[in-house]
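For reference, the structure is listed below as structure tokens.
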Amino acid sequence: MSTTTTTTAFQILHQTSTYFTTIIIQPPLRHHLISTFLKNTPPDHELILNTITIAAQTLEHALSTSTTSLKFSSLRLAENLLLPYSDNPFSCFLLSIIYHVSDRPTEATVKLLDVFYLKPSLSRMEIAVSVFEELFLVHFYPVFEWYNEERLKILSNLEGSSGYQSDEDLVVVSGTRRLSNMSGDQASELKCLEREFKKLLDENCRNFAGYFKEVLRDKETVGLLNPPKVVLQNHEIYDEFECERDENEKEDFQLQNGRFNPMWVDEERSMEENNSKNKTVKKYPSFVPERVSSEVFREIILANKADTSHAEQSDCEVDSCSGDNMSEISSWEYVHGNKEKNKKFESSYSNIAGSSCNIESPDPAMEDVDNQPVAGKHTPPKDFVCPITSNLFDDPVTLETGQTYERKAIQEWVERGNSTCPITRQRLQSDQLPKTNYVLKRLIASWKEQNLGSAVTQSEREESANKHKLNSKMHLVSASNVSHLSTTDHTVNDLRTAITELCTSEILEESEAAVLQIESFWREEPIGVEIQNMLSKPPVISAFVEILFNSVDVRILKATVILLSELIIRDNTIIQTLTRVDSDMDCIVVLFKNGLLEAVVLIHLLQPSIKSLVDVNMVDCILQVLRDNEDDSLKMTINPKTASVQLLRLVIGSSDGKTSSKIARRVVSSQATKSIIFYLQSDVLEEKIAAVGILLRCILADGASRNVIADKIQLAPIVESFIEANDEQRFEIVHFLFQLVKMKRRRLNEQILHIIKDEGIGSTMHTLLIYLQTALQEQCPIVAGLLLQLDLLAEPRKMSIYREEAIDTLISCLRNSEFPTGQLAAAETIVSLQGRFSSSGKPLMRAYLLKCAGLGKKYETMMRKANIQDIKEEDEAAEDWDRKMASVLVSHEFGLLFEALSEGLKSRYVDLCSLCFVSATWLVHSLSSLPDTGVRGAARLCLLNFFVTIFKSAKNTEDRALSMLALRSFIRDSEGLDELTIHIKDILKGLRELKKTTSEAFEMLKVLSEEQENSSQEFWNHKEIEQVDCTENGEVLSIVFFKDRFFSGHSDGTIKVWSMTENSLHLVQETREHSKAVRSLKVFQSTGRLYSGSLDKTERVWSLDNDMMHCDQVHEMKDHVNNLVVTDNFSCFVPQGTGVKVHSWNGESRLLNPNKQVRCLAFHNEKLYCGCQDNSIQVIDLPIGTPRTIQSGTRKILGKAIPVYSLEVHEGLLYAAGASMDGASVKIWNTSDETMVGSLPSTLEIRSMAIGAELIYLGGKGGLVEIWCKKKHTKVELLQTGTTCKVNCISFDINEDILVIGTSDGKIQVWGMN
């Protein structure tokens, strides 16, 4: 017989592609298939199996990684491992997945077909069921037809010997009765038929696997390649039966009545295992005929033991118990279209099954749900039967179309890709099924209880009628045993009655009373296997759940929850019954959230999904259980607090980072940590690990909680549990201890480290070292960090294998770019090794280094918050630990860590770069306090250029300060200073900018200046950026900077606002509210206001907002305003005549020093300095108003006065500039003792002056600007403005990078520091 159905390459590739996609996106399914291959591989192939297992692990790594290069390299490695074993089905299966992931679909499909060729039975039953159904099954119907015909022949021979002649009789007879009437020959025939059926399926699988491969190899001949003929067994197959009959008859298959028992124990067990494994993936009936359950035959034995006068009754009982099996036997008739026979079977079976009864289980609640009678007078209403499965509903769901289906059946319908209702064909709006139809479910349960109840009653009557026959068979029981059994039976019968009442009663009060009776029995009587089995039946469990849904009595609910919990502890198969319906679990959770705290044990045992547990109220309820005092009256095998700890660990450990932190903070705020700490003393390892896990998350979420935890815990039990824990639990312990030694007090950290080192069984350090060899890549840095700290408690100068291994691990993890998580963990660990921590456990390395660089506000603030009492002792302990740790790190392998840090600084991960930068700064800075063992050269080689780059280009002041700290360590070494020479200009520029922020920059600047004493001029160079012509506004009389803008005052009364962008000057605003020349501009930095003084006898106050200026106030001065000085309370200016006028902001004015003609003013420390026309300098104490002279005036030279044109006070020194009389145009005075301390030997007639951090700018006649070094009093540069007029004003920005000059011919020039 042959088939004409052809298969195209597209169809083959499409089906296998779908199969591979399912495997890739469902790791559990993939792992199950791999496990199946492992179980089916012969033990003598151990060497091959080891290699293939390694390849499978490599494949899993490739599928789990997100790095493309790593993924394909792993795939290539796995492929190379598997290719030598291409004749192994397991190897072919893995290769098919590799080829699919590598986008080689044809090769992937060929390898999968090789699996079908090598292992056809395993492939079609477990490995690739969907592929077999979609590709192979359509060709195999002739095999099924042959099998059905042969089976019917055997059954027909059986009917001939049983007295049934017609086809109708053949259809309606119970399958169990047929088998019970079989002879040994007939049973052997059926058995051999099944064996032959399997062989035919295997042989045809191989043939068609080869055919499909041919189609793939020659895709263009599609339609020309015909399928192979289906192989059928044409010769007489019964010859084999004779040869096996003698052997089979030797087996113990005989019944007491002489009938042959057709049950084959070994194959039966194999068949049941296969059926259970394939339950979730089968779409069609099994491809191997299913046998009747052995339970049926035990009932047949009991029936045949009864008196022959009850033979008819026994037959009836057997039929009633095997109706489902009859359906299974006739399933092949349905597959092959024998619908008429099936209709006859259903009709006839309904007629003969009406008198069904039960022998073994007199209690309806004890009856297995799958064996309930469903025919005759017990035929269920059609609304109770699923239209898909034709069975009673177990979990009914009603769709939006109004149709009701069994959940599993409709779920499978949807998962096949259907989006419509099977009956109405209406489109479904959602593929999410609704909740269980509990009204219908309860009606079905009630119907089942009533029908089973009548059966029980009838069975009990029949048992009573035959009591005398049963008593005749009890003669071996002693009198004492009879008495004991009588008492036990009475108690058990009471329990049976209570269970029946619980399951059948429609009155809630009666069911509740039954619960209390069952609970009382449970507490008072020993619980044996029989009672456990009675209470574990699905109907009983469902009845308990109904109580939870309907009862409002707390005592009843508590008893029900306790019973269910205790039952699950003894029989975890009950979990399947309780979790089958989602709403059952929801009900238990609701009860727990409403205050039934004992329900936490039941929730813990049921192990619901994490998503359903991550609920604020749920967590609050768990914490409530932990906070409550122990209830002595509560007797449960698992304590609610114990269950709460383990449940909380499950929730907090399995949630995402954000949710886990939120829950952990809630644990800390609820003060439940005390109860959790108690479980660290538990004798049960799982409870201890659960407590460790929760406390670890609390520390990570709220660092301050570690102080409370460290104060209350005993570390010895935790350290001891490390020995017996598995690797995952060990890391929990190590991570917890590692976080625990991040206390704000260094001495306390060392005390904890000593306890960890000394407590426990054996050597803690040795145990950690062994664990370090097997820990995961991302876990190794934390283990190494703890091990290194423990080792450092001893003298660090001694050699230590622990120290060497720990540092080697940190370096290797830091350099392994294939595991960025491990790199980051290593960098974080190194930062924490410095030993300084805040109150929340965060490392203070960066803040401490900034303090060393002169930016100590952040560190000092943290120290104040820490509120450490003996701060001096703690600082000493921290310094000592810092020095020891830095010493062992930099000394390892002659500075190998510097090389690893330099590689980390080049990473594309910002966090890793930042951590490596801080660690490198710490270690380089520490070199200055450590003896030079040759590692400074390694540090310089690896890190110098990087620190220079950061110092030159970083915009963050803190980063520049840290780089400066590292560079300062390098310049103390002559070789380092030589290497820095080529960068000296950039370094000096950066130091000048940092000098305003940190004094350390000033000290470093002094060092560099001393080194470059003879070449000062090389470091200063100004370049003209732009020049603006403002001649239409007259002279430029005053210039002042504020933030990124500067303001210019002109002789026509105009004030202009300028800004600099990209080396170009832009006019932002121009205003002319003064009617005459603006002689002076001053900015009061504290208020951000601009003050202008004019010859129009007014002083104006301007607000500076959003790059614009607005005049807020106008003060009438009644005199010309020259050279303005401004304070909080008053302003001073030079009037047209003699003296100095002081104007209070409240309107009062007074004249000081009326005998002198003043040209310029300067204010410092409540003192007003006046530069006069006669070259004298006077100082006036403003509170007193009395002037005194610090420089006497001179007589006129050739009738010309020599006035002081400019005064400036800077860093306690007064600079006075004018014309050169004695070879010095600028004289420098100390404001504290009013003595002259120096001068600048300039011959320029100076009209304006500006003092910077390192330079002095002098503007004079002829358009010249001299630049002098403030420290050495030497001229370093001369600027030519290009005009011959006077330089009226000079000013620069806050960074002293931009210099602005205003001249008497109306020009504004901008110069930049190059």
Taking the side chain as C-beta and beyond, is there a heavy-atom pair between [X] and [Y] under 4.5 Å?
X: F72; Y: V101; answer: no
X: F20; Y: S96; answer: yes
X: H100; Y: L112; answer: no

Check: With sequence neighbours left out, what residues match F37 under ring pair (Phe, Tyr, Trp, His ring centres under 6.0 Å)?
Finding: F90, F93
Note to self: Y99: which residues meet the ring pair (Phe, Tyr, Trp, His ring centres under 6.0 Å) condition with it, sequence neighbours left out?
What the structure shows: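 Y99: no ring pair (Phe, Tyr, Trp, His ring centres under 6.0 Å) contacts found.
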Next item on the list: Carefully, step by step, assess T436 and D395 under the rule side-chain hydrogen bond (donor to acceptor under 3.5 Å, both in side chains).
Entry: CA-CA 6 Å; T436 300; D395 186 10; 2.6 Å; yes
Checklist line | Interatomic distance, L95 atom CG to R104 atom CZ [nearest 0.5 angstrom] | finding: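 Output value for this atom pair is 9.0 Å.
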Check: If you measure from CD on E126 to NZ on K119, what distance do you get to the nearest 0.5 Å?
Finding: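 With rounding to 0.5 Å, CD (E126) is 11.5 Å from NZ (K119).
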Note to self: Checking the side chain of N80 only, and the main-chain atoms of R76 only, is there a donor and an acceptor separated by less than 3.5 Å?
What the structure shows: yes
Notebook entry, point to check: Is the side chain of Q15 donor-acceptor paired with the backbone N or O of L135 at a distance under 3.5 Å, no angle test?
Noted result: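 No.
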Next item on the list: Show your reasoning for whether side-chain hydrogen bond (donor to acceptor under 3.5 Å, both in side chains) applies to E60 and H31.
Entry: CA-CA 9 Å; E60 283 298 315; H31 299 161; 3.0 Å; yes
Note to self: Quick one, N391 with E406, criterion side chain to side chain contact (heavy atoms under 4.5 Å, CB included). Give me CA distance, side-chain angles, the key distance, then yes/no.
What the structure shows: CA-CA 9 Å; N391 293 328; E406 178 64 27; over 6 Å; no
Notebook entry, point to check: Aromatic ring centroids of F116 and F212 under 6.0 Å?
Noted result: no
Check: Using the ring of each side chain (for Trp, its six-membered ring), is F208 parallel, tilted or perpendicular to Y211, with breaks at 30° and 60°?
Finding: perpendicular
